[in-house]
Amino acid sequence: MRTSVGRLRLPKTKGKPMTDTPSYAFLGPVGTFCHQALSQVAPPEATIVPCAGERAAMDATRSGRTRYTVVPIENSVEGGVTATLDSLAWGKRLQIVREIVVPVSFTLAARPGVTLDDVERIGTHSHAWAQCRNWMTDTLPGAQHTPTTSTAEAARLLAEGYDGFQACLSSAIATSLYGLTTLRADVADNPGAITRFVMLSLPGHLPEPTGADKTTIQVRLPRNHAGALHQLLEQFRTRGVDLTRIESRPVAGQPGAYGFSIDLAGHVCEERVQAALVGVYRTCDDVRFLGSYPRADGRANAIEPGTSDEDFRAARAWVDALFTQG
Ligand SMILES: O=C(O)C(=O)Cc1ccccc1
């Protein structure tokens, strides 16, 4: 039985998972970019569980079936992965414990014997299609997209004989794993695109601060309040907290209400981050803490003058002393 393809480990098909072995759900099937991200972090003995969709993978950890989940959260070309962002924002709470960055480039693949001229429909994940849209318009004008739950799912369907599309956009690994042939390699509108994946667990485990961390939160702005967004941003600016991502999403069932998903530079153990979060909590309707974790790029966060932990402690000591001085 094959247990790996290149650096990708395949799920175990026999035997009971050992309860003390870490288990990871991920956006499956095997051969997704998500599987590649998982392979960067999971120990060799890990049990891995492919799931059909981001939400299904997250639910596997919510229900206790797996200890961790790895799902895509953001792409450098197409932006946020809304299925992940919305489930993090509104579903049962999960916490980000790690981020993983994977360079993505796509292969246009088909069953052996199929040529570019035969291709009318292409199956792939919506984020993959978005990253190859211009290439498609230039090279295969008129080719239609059929969305699949993942890039490898499209490859798997083709290999099974599915005839709803003639080709798929997937990774080179998936192309070989599912016995397809490459029609075009390195398909992309923006060479150098990366996708950021997050590893999630149930709340309770907070990674240690490293000095090169990020914190993710979800907030809902008060409605009918002029300058509400300005007031939110002000909480970060005055404490020298840099935002590395901010995205708005409509709140389901509440037309006109928006939630914001925010990544900020820093760890919740740091004074300036805590001070900003206290301000956010005071001024927004809903605040959800989604984790503090090491940055994948390892870049140390810059600390503006007057915003280090020592600066905050000295300032608090000065205020405390006002009560004890005569
Ligand atoms: O479908 C996959 O292989 C994924 O891991 C999600 C995805 C899709 C497109 C670009 C990056 C990640």
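Each ligand, and each atom within it, is numbered from 1 in the order the structure gives. Just so you know, these numbers come straight off a predicted model, no measurement behind them.
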Peer 1: State whether Glu247 and Arg249 are salt-bridged, where the test is any N-O pair (Lys NZ or Arg NE/NH1/NH2 against Asp/Glu carboxylate O) under 4.0 Å.
Peer 2: no

Peer 1: Counting heavy atoms only, which of Ser105, Ala128, Pro103 comes nearest to atom 9 (C) of ligand 1?
Peer 2: Ala128

Peer 1: To which residues is Val251 joined in a hydrophobic cluster, defined by side-chain heavy-atom contacts under 4.5 Å among Ile, Leu, Val, Met, Phe, Trp and Tyr, whether direct or through other members?
Peer 2: Trp90

Peer 1: Under a single-linkage rule joining Ile, Leu, Val, Met, Phe, Trp and Tyr whose side-chain heavy atoms are separated by less than 4.5 Å, which residues share a cluster with Val278?
Peer 2: none

Peer 1: Which residue holds the protein heavy atom closest to atom 1 (O) of ligand 1, what is that atom called, and what is the gap in Å?
Peer 2: Thr151 N, 2.7 Å

Peer 1: Going by atom types alone, do Thr124 and Thr151 pair a side-chain donor with an acceptor below 3.5 Å?
Peer 2: no

Peer 1: Looking only at protein heavy atoms, which one is nearest to atom 5 (O) of ligand 1, and how far off is it?
Peer 2: Cys34 N, 2.9 Å

Peer 1: Short list, please: which atoms of ligand 1 are under 4.0 Å from a heavy atom of Leu27?
Peer 2: 4 (C), 6 (C)

Peer 1: Can you name the atoms of ligand 1, numbered from 1 with element, that are less than 4.0 Å from a heavy atom of Gln131?
Peer 2: 10 (C)

Peer 1: Using a 4.0 Å cut-off to any heavy atom of Ser150, which atoms of ligand 1 qualify?
Peer 2: 1 (O)

Peer 1: Give yes or no for whether the N/O distance cutoff of 3.5 Å, strictly under, is met between Phe33 and ligand 1.
Peer 2: yes

Peer 1: Under 3.5 Å, is there a donor on one side chain and an acceptor on the other for Thr215 and Ser292?
Peer 2: yes

Peer 1: Under 4.0 Å from any heavy atom of Thr32, which atoms of ligand 1 are there?
Peer 2: 2 (C), 3 (O), 5 (O)

Peer 1: So, does Arg62 use its side chain to make a donor-acceptor pair with the main chain of Lys92 at under 3.5 Å?
Peer 2: yes

Peer 1: Heavy atoms only, cut-off 4.0 Å: how does Thr195 contact ligand 1, side chain, backbone, both, or neither?
Peer 2: side chain

Peer 1: Which atoms of ligand 1 have any heavy atom of His125 under 4.0 Å away?
Peer 2: 1 (O), 8 (C)

Peer 1: Is it true that the side chains of Asp118 and Thr115 contain a donor and an acceptor less than 3.5 Å apart?
Peer 2: yes

